[in-house]
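Reviewing the structure listed below.
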Amino acid sequence: MTTKKTVAATEEKSKGGFKERRKECLTSANKIPTVDIKGKKYSTVNERHRHLLQYFPEARFNEEILFHDNERVVVKTELYISDTIYAVGHAEEHRNANFINKTSAMENCSSSALGRCIAAFGLSGSEYASAEELVNALNNQKGSTQKVSIKDTIKKQTTETKLTALYSDWKKNNNSDQKIEKLFEQQQQLIKKNGGQNNVNRQQW
């Protein structure tokens, strides 16, 4: 008689042992899509998340809101593979930190906690830097290239969750820039107007 445990064990065996899969997942991080900036490769949390699921399709993330009020939000994200927890990430966001957090602090905090959790699992390092380092590197480019790069990056965001995460990353590593902040605000308005659909990027600034 076939039991659920037998089926689960068979499926787990067919996917390979955890140690082998984790090793392959981490050593194949060079397969993660990246942007080359000044000789260094950068990948986003979204791409790392997709890469992780390729090797651990049974993985699940448990998100818990530890605290929230009118001033701040604290989120914890746990990575489970089968019934075992392998990584934890925490994040905190203040609602008055920026214009995006006024309406989307929870989404921003959620993205940050997910990124920290994935990094805790091992998908991080100097070669594959965090998203905030990517945005910072883009901003550090000189002249008009800087503005075009940031503008294009902002326009690629089609959901408020991605836009808020991008803004948070950028804000942590850059001084106030009214022109760039205005682009973020305009993109947020377009996303709300179009419901986060792909046709957002068809709009003109």
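Numbering starts at 1 and runs along the sequence shown. All of these numbers come straight from a predicted model, not from anything done at the bench.
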How about [X] and [Y]: do any of their side-chain heavy atoms sit closer than 4.5 Å?
X: L52; Y: L79; result: yes
X: L166; Y: T153; result: yes
X: V75; Y: F67; result: no
X: R95; Y: K102; result: no

Between R48 and L123, is there a donor-acceptor pair closer than 3.5 Å when you use the side chain of the first and the backbone of the second?
->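 The answer is yes, because a donor-acceptor pair under 3.5 Å joins these two groups.
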Donor-acceptor pair between [X] and [Y] side chains, under 3.5 angstrom:
X: E92; Y: S112; answer: no
X: E63; Y: S110; answer: yes
X: Y167; Y: S104; answer: no

Are any of the side-chain nitrogens in [X] or [Y] under 4.0 Å away from the carboxylate oxygens of its partner?
X: E93; Y: R72; answer: no
X: K76; Y: E78; answer: yes
X: E24; Y: K31; answer: no
X: K23; Y: E20; answer: no

Do you know which of F61, F18, Y86 makes ring-ring contact (aromatic ring centres under 6.0 Å, His included) with F56?
->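 Among the candidates, only F18 passes.
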Tell me whether the guanidinium CZ or amine NZ of R60 lies under 6.0 angstrom from the six-membered ring centre of Y80 and within 45° of its axis.
->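 Geometry flag: set, cation within 6.0 Å and 45°.
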Minimum heavy-atom distance A59-I81, with the two atoms named =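 So the two residues come closest at CB-CG1, 4.2 Å.
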Transitive ILVMFWY side-chain link V88 to I118, under 4.5 Å =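 Looking at the clustering, I118 is in a separate group from V88.
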